[in-house]
4 protein chains.
Amino acid sequence: MAPSRSLIALLHGPDKPGLVARVAGWIFERGGNILHADQHNDPEAGVFFQRVEWEPRAVAPGQAPGAEAAAFAQFAATLGMAAHVTSAAARPRVALFVSKADHCFHDLALRWRAGEFACDIAAVVSNHPDLAGAARTYGLPFHLVPVTPATKSEAEARILAILREGGAELAVLARYMQVLSADFLKAFGRPVINIHHSFLPAFAGGRPYHQAHERGVKLIGATAHYATAELDDGPIIQQDVVRVTHRHSVEDLVRKGRDLEKMVLAQAVRWHLESRVLAYGRKTVVFD
Amino acid sequence: MAPSRSLIALLHGPDKPGLVARVAGWIFERGGNILHADQHNDPEAGVFFQRVEWEPRAVAPGQAPGAEAAAFAQFAATLGMAAHVTSAAARPRVALFVSKADHCFHDLALRWRAGEFACDIAAVVSNHPDLAGAARTYGLPFHLVPVTPATKSEAEARILAILREGGAELAVLARYMQVLSADFLKAFGRPVINIHHSFLPAFAGGRPYHQAHERGVKLIGATAHYATAELDDGPIIQQDVVRVTHRHSVEDLVRKGRDLEKMVLAQAVRWHLESRVLAYGRKTVVFD
Amino acid sequence: MAPSRSLIALLHGPDKPGLVARVAGWIFERGGNILHADQHNDPEAGVFFQRVEWEPRAVAPGQAPGAEAAAFAQFAATLGMAAHVTSAAARPRVALFVSKADHCFHDLALRWRAGEFACDIAAVVSNHPDLAGAARTYGLPFHLVPVTPATKSEAEARILAILREGGAELAVLARYMQVLSADFLKAFGRPVINIHHSFLPAFAGGRPYHQAHERGVKLIGATAHYATAELDDGPIIQQDVVRVTHRHSVEDLVRKGRDLEKMVLAQAVRWHLESRVLAYGRKTVVFD
Amino acid sequence: MAPSRSLIALLHGPDKPGLVARVAGWIFERGGNILHADQHNDPEAGVFFQRVEWEPRAVAPGQAPGAEAAAFAQFAATLGMAAHVTSAAARPRVALFVSKADHCFHDLALRWRAGEFACDIAAVVSNHPDLAGAARTYGLPFHLVPVTPATKSEAEARILAILREGGAELAVLARYMQVLSADFLKAFGRPVINIHHSFLPAFAGGRPYHQAHERGVKLIGATAHYATAELDDGPIIQQDVVRVTHRHSVEDLVRKGRDLEKMVLAQAVRWHLESRVLAYGRKTVVFD
C-alpha cells in the first residue's frame, strides 16, 4: 500500500541529458523522499517517460495539500515535460458501463469491495436493465440508458450528463456492447478502458470467439485497451491468452474467455488507478 | 516410446453411430490390442476423427509386415472413412528448408540427434550457402538452390527433384524465407510445415516483429502451420506466445521470438511425426 | 453441453487386451452410441483407466432410467473393473465450506449461478459468521458451525449431520481454515476437494505465501487436491502458477494468489462434476 | 544493445532519504547521462537496491578508462552503499561445467555464438569426456577433470587452477552432476549459477523428475540459482514451469524438462551478464 501522503507523477517529453537527476534533485531539495522511480526512453521517438512516487515534506498547517503537486507540474513544464500528478491517497471516481453479461461487472465490483481498487464507483451505466439488481447488491447507482441507432446521440448526451454529475474521471467498459462515438469520447475527455474478447489485432470487430473457432487457433485471448475513435485500435494496456484445442466449441471459448476478460480488464484498471499507464500514440508504457 | 510393432491409424469421415465399437472390434477380432485411442467429432461438420494405436497379432514368418496396415485401411473404407496408417517404428524421411537464420535448424537437428524425432533427415535445402557448414557438422546433405524471381520455377523444379530423390515424406520450413508456389505444393503432394513468427492471424505477411512493435502488443507469438497455396493461412498446428513490454525493442522481440519459434516448430514437427495431427479444411485436430 | 440422456462411466482395473473393444462392443450391441471415449494405461502399475460417455437407446416407457447405468456397472465388474456411472443430466449435491475469505466462495457461487457447474449447492458450512450475508444473496442455506480444539469432534458431528441431511455428494473447501479429521473424511465417505494456496509439495502447511516470500521464489502457485487423512498430501487435481518478482510484498502475493486459487479450484470442481477425474493412490487421471 | 561506453552500477545498502537524488546528481554533475535507472527498497530489511546505467562524459585522451567506475564506487561508499560497477562493453570470462547431458551446453554455446551473451567462454570443465567433441565444434577449450569421492578435493583444486588460469569471473553449471564443495565455492569467490531440474523448493535433491512423477504434480519446473554451500538452497534467479498430465512418463518429463532447463538457465545467465541480478541473503533482486 502506498503511504497516503505520497505523490505520483507521470511525465513525458523530449528526451535530453540530466532529466533523471533534475527530477530527483527537485524532490530532494524540497525535503521529499523518492519511494519509487521508473523511467523509459523510446530511442526511435526520442521521448522520455517517467513515473516517480515520492513522499513530500510534511505540509505546513495552513498549506494547501495540492500545492506540491501543482509545483511539480510547473517544474516539469520548465523541463519541457507534460506531467500528470496525483496523490496516492486519491480515490478517482469511476463509471462502469455494462450490458447483459455480468462476469466482468461482478469481478470488478468484488475486487473494488475487497479493496483491490483505490477508487469510488460513481455510476453504473447500462443499455439494458439486466444488471440493475446486481448493482443494487453492491450499493451502486444504476443508470439505464437504452441505445438505438436512432437515439444514439441523445443517449450519449444523457450518459455524458451522468458521468459529469458523478464526477467520473475514468470510464470502464465492462463488456458494454455499444460503440461510443468519437464525439462522445472527445466530450468526456477522460480515459475510457475497454475489454475486447480477442487477442488484438487478431479478430477485431464482432463475434471474435466465432472467428477464432472458425480459424482454428490454438490460443484465444483478451485485450484491455483505451478506447479511441478508431474501433478496437486504441493503445493496448494488457493482454493475455489461454490454450484451446479442437475439442472446444464456441461455447467453451466463450466460457474460457470470460475468465481471461475478467483478469485482463481487472489488471488494466488496477494499473490505471495506480497511475502506472502512460498512453502515447497507439501504444502504452506500463510501469508495473 | 511406442513399441516398435504397433500401428497408428488416423481416420476421418462422416460421423455415424457405432464407429468406435466397429474399429475396436475389428482390431480385437484379429488378435490386436489397442494401446491408445482418441476420437473427436465435430458436431457442426458432422465429421468423426480418430487416432488409434494398437499392437497387431505377431506377424507370421512369411507374412508381409505392411499387410495389417493395408487391411485396416480397406476396412476403414467400408465404414466410409479415409485412413492413414503408419507403423510406429517407421522413420519418415524429412527435408529441412532453411535460409540464413540458424536457430530453428540447430534446434531441430539437435533434437533429431538426441532421438526426440523418429525420422531420418533426407536433405537440407537452402537458398543461401550460410548453413552449409552447420549441416555438415550434423552429417546432413546440404543442397544450395538459389532462388530469384526470374529463376523461381526452375529452382522449385530442382528442389522437387531433390525431395523425390531423397524420398521426402515431409518438408519443414525452418525459417525458409521463400514462398513455395501452389504448383510446387501440389507437385510435392506431401505435408509442408511452416513456422510463422507471429501469432496468426495477427501480423500475417512480412516483418511481423516490426508490426507487433509498432502496434504495441503485450504478447508476441509464433505459429506452426501446414503451408497451403494461400500464404500464412494454412491449418494451424501449434501456437505460443511470450510476454513483452514497452522496454523491448524490435531486436529484443526478434531474440525472444527465436525461442518461441524453436519451441513451437519442434512441437508441431514432433506431433506430426507421431501421427497426432489431422488437418481438415482450415483447421487441425491434434491428438496429443 | 452434454446431451441430457447420456451416461458417463469412469472405469479402472487391471489392464488386459481387448478392454476398449469389449466396452465399445457392449454399448454398441445395446443400441448405444459413444460420444466420447478416452483411456489411459499406467504401464508401471498395470492399471487401465477409461472415461466413456455414450447415449443409450431410448428408454422404454416403463423402464427405470437408472437401469442402463446399473447394467453397465455389472458388465464392468465381469471385466474385473470398478465403474462409477453417472447420468450427464445428474446434478450432484455439493456442500461448500468457507471461513472468512470470500473470494473463492463468490467465484464458485457466481459460476454456479451462470450455469458453469452442473450441480446443486446443498449447504454452505462455515466456522465463522462472516459470509452468512453473502450466502443469503445467492439464496444458499448457511450453517454456522464454530470449531475450537475442544469442540472439534462435536462440530464435525454436526457438520456430518448437515451434509447427510442435505444429501451432499461432494464437499468443496473454499479456503476453509480448519483441517478435517481422518475420522470425518471416513464417515463422510464422499470426495472432498481442497484448495491449497501454494504449488504443492512446496510450502505445504500454514502461511504458504509467507514461506514463498521468504524463500524468494519467482513463481507462486495454488493446488486443488482431494483431501485425505494426510494433510496437503492428497491426489492433485489441478495446479497453476503466476510470476512474481522482488517487488511483490507478502500482501501482493496474497492478492495475486487469490486469482490463482479461484481459477484452480473452479477448474478442479468443474472437472470433478463432469466425471473427468479418477483418483488412484496419490495421483489423479484427469480426462479433460 | 548497450552503448559501448556506458557504465552499469549495482548498489545496495541501508535505505535513507535522498539516495536516488544523490546518485543521479553525482552522475549529472560529472557530465554523465543516465540511460536506465531502477531501484527497489525492501521495507522489512530496510535495504535500498539500485541498478543504474549511464554514459559518462567522454574520457580525456590520457585518462584511464576505469577511472570513472572507481570514482563511482568510492562515491557510493560515502553513502554507505556497496557498489559493483562494470562497463557495458566488458565481456566477462565464463567457465561452463558439464557432465554427459548436452542440451544446456549446446543451448548456451549457440546463444553465445549468436551474440546473445556478452561474454567470453574461458573453459569447459567436465567430469566426463562425452562433450569434448561438441566443445571442439564451438572452438572451446575442454578440460576433463574426473571426480570420485576419493579424489574430489584434488579434482576441485585442478578445476580451481583451470578457472584462475582462464580468468573466469563466473561459473555456469550446465547440468554438471557434481556438487561443488563449500571450500571450492569460497576459494573461487565468484558467482556460480546452477540449474536444478525442479521447481525449487519442491523436489530438491536427486531425481526430481522421478519425484514429480511419483507425486502426480500437474506442472514441472526448473530453477536457476546461485550455488551456495547449502545444496539447492541458494538465491533463486529464475524459474519456470510447464504443464504435464497423467499421460506423461518419467521419460516425457525428462524430455519436456530439457526445454525448461535450457530456457531458464539461459535467461539467468543473460541477466547475470547484463548486471541485472543482485543477490542478498537467500533472495535475488532482478532488474529486468
Side-chain angles (χ1 to χ4, degrees), chain A residues 38-45 47 49 198-204 208 210-226 233-251 264 267-268 271 277-288, chain B residues 38-45 47 49 198-204 208 210-226 233-251 264 267-268 271 277-288:
Chain A
D38 196 0
Q39 49 276 328
H40 172 63
N41 64 73
D42 181 330
E44 292 151 38
V47 180
F49 305 89
S198 88
F199 181 70
L200 288 175
F203 312 129
H210 288 77
Q211 291 184 59
H213 189 255
E214 199 182 323
R215 182 61 189 90
V217 289
K218 301 302 186 187
L219 300 165
I220 56 166
T223 304
H225 64 95
Y226 289 115
D233 202 47
I236 293 171
I237 306 169
Q238 171 69 332
Q239 302 188 286
D240 209 353
V241 295
V242 69
R243 199 157 285 279
V244 295
T245 76
H246 60 273
R247 294 186 198 289
H248 293 101
S249 63
V250 171
E251 289 70 38
V264 166
Q267 181 68 82
W271 277 336
V277 192
L278 218 162
Y280 75 109
R282 286 173 77 208
K283 296 191 189 183
T284 60
V285 170
V286 178
F287 294 112
D288 68 332
Chain B
D38 197 359
Q39 49 276 327
H40 172 62
N41 64 74
D42 180 329
E44 290 152 38
V47 180
F49 304 89
S198 89
F199 182 72
L200 290 175
F203 311 128
H210 288 79
Q211 291 184 59
H213 189 255
E214 199 181 322
R215 181 63 189 90
V217 290
K218 300 302 186 186
L219 300 165
I220 56 166
T223 303
H225 64 95
Y226 289 115
D233 202 47
I236 294 170
I237 305 168
Q238 171 69 332
Q239 300 188 288
D240 210 352
V241 295
V242 69
R243 197 158 287 281
V244 295
T245 77
H246 60 271
R247 293 187 198 288
H248 293 101
S249 63
V250 171
E251 288 69 38
V264 166
Q267 181 68 83
W271 277 336
V277 192
L278 219 161
Y280 75 110
R282 284 174 78 207
K283 297 189 189 184
T284 60
V285 169
V286 178
F287 294 112
D288 68 332

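Residue numbers start from 1 in every chain, and the chains themselves are labelled A, B, ... in the order their sequence lines are given, proteins ahead of strands. Here the structure is a predicted model, which is why all the values come from computation and not from measurement.
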message: Please give me the minimum heavy-atom distance between A/Val217 and B/Leu200, naming the atom from each residue.
response: CG1-O, 3.8 Å
query: For A/Thr284, is it the side chain, the backbone, both or neither that has a heavy atom under 4.5 Å from a heavy atom of chain B?
result: both
query: Of all of B/Asp42, B/Val285, B/Thr245, which one pairs up most often with chain A through heavy atoms under 4.5 Å apart?
result: B/Val285
message: What's the separation between atom NZ in A/Lys283 and atom CD in B/Glu214, rounded to the nearest 0.5 Å?
response: 7.5 Å
- line: Answer key: most heavy-atom pairs under 4.5 Å with chain B among A/Ala204, A/Gly234, A/Pro235, A/Gly281 is A/Gly234
- line: Turns out that what part of A/Asp233 lies under 4.5 Å from chain B's heavy atoms comes down to both
- prompt: Relative to chain B, which of A/Arg243, A/His225, A/Glu44 shows the most heavy atom pairs under 4.5 Å?
  reply: A/Arg243
query: Do A/Lys218 and B/Asp240 pass the salt bridge (Lys or Arg N to Asp or Glu O under 4.0 Å) test, and can you show the C-alpha distance, the side-chain angles, and the key distance before you say yes or no?
result: CA-CA 8 Å; A/Lys218 301 302 186 187; B/Asp240 210 352; over 6 Å; no
- prompt: Which atoms of B/Gln211 come close to chain A, meaning under 4.5 Å heavy atom to heavy atom: side chain ones, backbone ones, both, or neither?
  reply: neither
- request: Please determine, among B/Thr223, B/Asp288, B/Ile237, B/Asn41, the option with the most heavy-atom pairs under 4.5 Å with chain A.
  value: B/Ile237
message: Only pairs of heavy atoms separated by less than 4.5 Å count here; which of A/Arg282, A/Arg247, A/Gln239, A/His246 has the most with chain B?
response: A/His246
